[in-house]
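Within every chain, numbering begins at 1; the chains are lettered A, B, ... in the order of the sequence lines, protein sequences first and strands thereafter. Below, each value reflects all heavy atoms present in this structure, side chains not excepted, and no hydrogens, waters or symmetry copies.
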Number of protein chains: 2
Amino acid sequence: MRLTTKGRFAVTAMIDLALRQNNGPVTLAAISQRQQISLSYLEQLFGKLRRHELVESTRGPGGGYTLGRKASEITVADIIVSVDEPIDATQCGGKENCLGEGHRCMTHELWAALNTKMVDFLDSVSLQSLVDDQLAKGVVVENAPMIKRAISSAPVVKPIRVNAPNSVFALGGVAFSK
Amino acid sequence: MRLTTKGRFAVTAMIDLALRQNNGPVTLAAISQRQQISLSYLEQLFGKLRRHELVESTRGPGGGYTLGRKASEITVADIIVSVDEPIDATQCGGKENCLGEGHRCMTHELWAALNTKMVDFLDSVSLQSLVDDQLAKGVVVENAPMIKRAISSAPVVKPIRVNAPNSVFALGGVAFSK
DNA sequence: GCTTTCCCGACTGTTTTCGTCGAGTATAGC
DNA sequence: GCTATACTCGACGAAAACAGTCGGGAAAGC
């Protein structure tokens with residue numbers, strides 16, 4: 001279980017998606033603009049999310065992504081392991097005796113305890129609960145036009161490929177200096 | 001809050017230290033051998049842990065490291081932030097309006113919620129509780145000779161610098177394929 | 001046929017991780 | 001004082017992961 005900005009991007013994007021999928025599929029271009037994440041990077045992340053069946057895609061105009069199952073049935077742990085590709089294979093597999101010195105892979109056991117706690121915790125946080133948090137905080141979801149047709153009239157801001165010139169969130173663990 | 005193998009090494013080493021500091025200071029060489037972590041790397045990690053006052057050092061023969069305070073008063077969060085050096089500075093600082101589009105940095109708020117939960121959780125897990133887990137699992141702590149003197153007699157395995165030829169735990173998130 | 005949108009693989013630059021090395025300082029015991 | 005032990009510090013380096021780019025392609029709707 002690793003926890004980096006990569007996982008954060010994925011969680012952020014998933015919340016954005018969950019907040020807005022009522023009006024049909026949400027495009028990556030829209031998420032990219034709202035959350036300031038590079039479109040190409042989102043494509044990579046959603047490729048993984050789709051292969052893990054956390055999202056479904058529909059192509060063509062009016063297409064985009066929707067959640068693969070209910071937000072209450074998607075956990076933060078699901079999202080993070082999807083994009084992090086746990087290369088796993090902790091070598092000794094967990095059962096072999098890493099070194100035949102009788103203490104059989106204490107290092108492994110050692111970390112496993114904390115890791116279990118971590119996974120259990122992240123598995124207890126559902127996407128729905130994060131969405132609720134956002135709604136409670138008064139996040140305004142532009143209840144978009146149900147039109148879906150009648151496009152190509154307004155001066156749409158063209159969603160080009162490169163839209164995050166110098167990403168603001170490039171690095172940094174997250175605030176909390178305390 | 002980042003969570004990588006670096007933090008894992010630090011936590012692992014701290015548990016090892018907590019398990020054995022009864023018989024006086026524990027040397028990095030000993031931890032290195034038991035946990036299969038490069039000695040030089042441990043030196044770096046413990047330099048940070050010491051500067052954060054999580055451990056204390058005593059030099060010279062018979063020296064080593066001891067915990068800076070009781071194991072029950074050290075949390076996993078303490079250890080991880082010590083070695084991870086939270087570069088912080090999430091750019092927009094958390095108060096500015098990242099982009100003047102009214103939704104004032106939703107991305108930021110979004111992740112902050114989960115991050116708070118993470119930190120709170122890791123802050124609730126004490127080093128002592130992890131040590132207890134280990135003892136409960138029947139980890140045998142070689143209740144080492146209280147001698148401390150009378151060294152240089154037995155054919156001691158020389159603790160040279162290079163002792164982890166090809167580290168087994170080089171990468172990999174941790175097991176849990178499920 | 002055109003546009004929209006997802007899909008995929010390859011590529012690149014920076015940061016982090018992990019580890020090495022060399023030199024130095026404090027302490028204890030002879 | 002000498003020597004061995006052990007921490008202390010800084011620099012360096014290879015390899016991986018991260019974050020992002022790019023170009024082309026394929027399905028679907030108009």
Just compare [options] and give me whichever is closest to any side-chain atom of [X].
X       : options               : answer
A/Arg51 : D/dC22, C/dC8, C/dC6  : C/dC8
A/Tyr65 : C/dT27, C/dC21, C/dC6 : C/dC6
B/Leu28 : D/dA4, D/dC7, D/dG29  : D/dC7
A/Lys6  : C/dT17, C/dC7, D/dC18 : D/dC18
A/Thr4  : D/dC9, C/dT17, D/dC18 : D/dC18
A/Tyr41 : C/dC7, D/dC18, C/dG19 : D/dC18

What is the separation between atom [atom1] on [X] and atom [atom2] on [N], rounded to the nearest whole Å?
X       : N      : atom1 : atom2 : answer
A/Leu39 : D/dC22 : CG    : P     : 12 Å
B/Arg59 : D/dT3  : CZ    : C1'   : 17 Å
A/Ile31 : C/dC6  : CD1   : C1'   : 12 Å
B/Phe46 : D/dC7  : CZ    : P     : 9 Å
B/Leu45 : D/dT8  : CG    : P     : 13 Å
B/Leu49 : D/dT8  : CG    : P     : 11 Å
B/Lys48 : C/dC18 : NZ    : P     : 11 Å
B/Gln33 : D/dA6  : CD    : P     : 12 Å

Donor-acceptor pair present, A/Gln44 side chain and C/dC8 base, under 3.5 Å
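Check fails, no donor-acceptor contact within cut-off.
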Tell me whether the count of non-hydrogen atoms from other residues, nucleotides or ligands lying under 6.0 Å of CD in A/Glu53 goes above 12.
no
Geometric class of the B/Phe9/B/Tyr41 ring pair [parallel <30°, tilted 30-60°, perpendicular >60°]:
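Plane angle over 60°, so perpendicular.
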Has [X] got a side-chain N or O lying under 4.0 Å from the OP1 or OP2 atom of [N]?
X       : N      : answer
A/Thr27 : C/dT4  : no
A/Ser57 : C/dC7  : yes
B/Ser38 : C/dT20 : yes

Among B/Leu54, B/Val76, B/Asp132, B/Leu67, exactly one meets side chain to side chain contact (heavy atoms under 4.5 Å, CB included) together with B/Leu127. Which residue is that?
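With B/Leu127 as partner, B/Leu54, B/Val76, B/Asp132, B/Leu67 yield a single side chain to side chain contact (heavy atoms under 4.5 Å, CB included), made by B/Leu67.
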When all nucleic acid strands are considered with a 4.0 Å heavy-atom cut-off, which category describes A/Val83: base, sugar-phosphate, or nothing?
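Nothing, no heavy atom under 4.0 Å.
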In terms of side-chain heavy atoms, does A/Thr75 have a donor or acceptor partner in A/Asp78 at a distance below 3.5 Å?
yes
Comparing A/Gly60 with A/Gly47, nearest DNA chain C nucleotide closer to 5' gives the residue A/Gly60
Tell me the closest heavy-atom pair linking A/Asp123 and A/Ala77, and the distance in Å.
OD1-CB, 3.3 Å
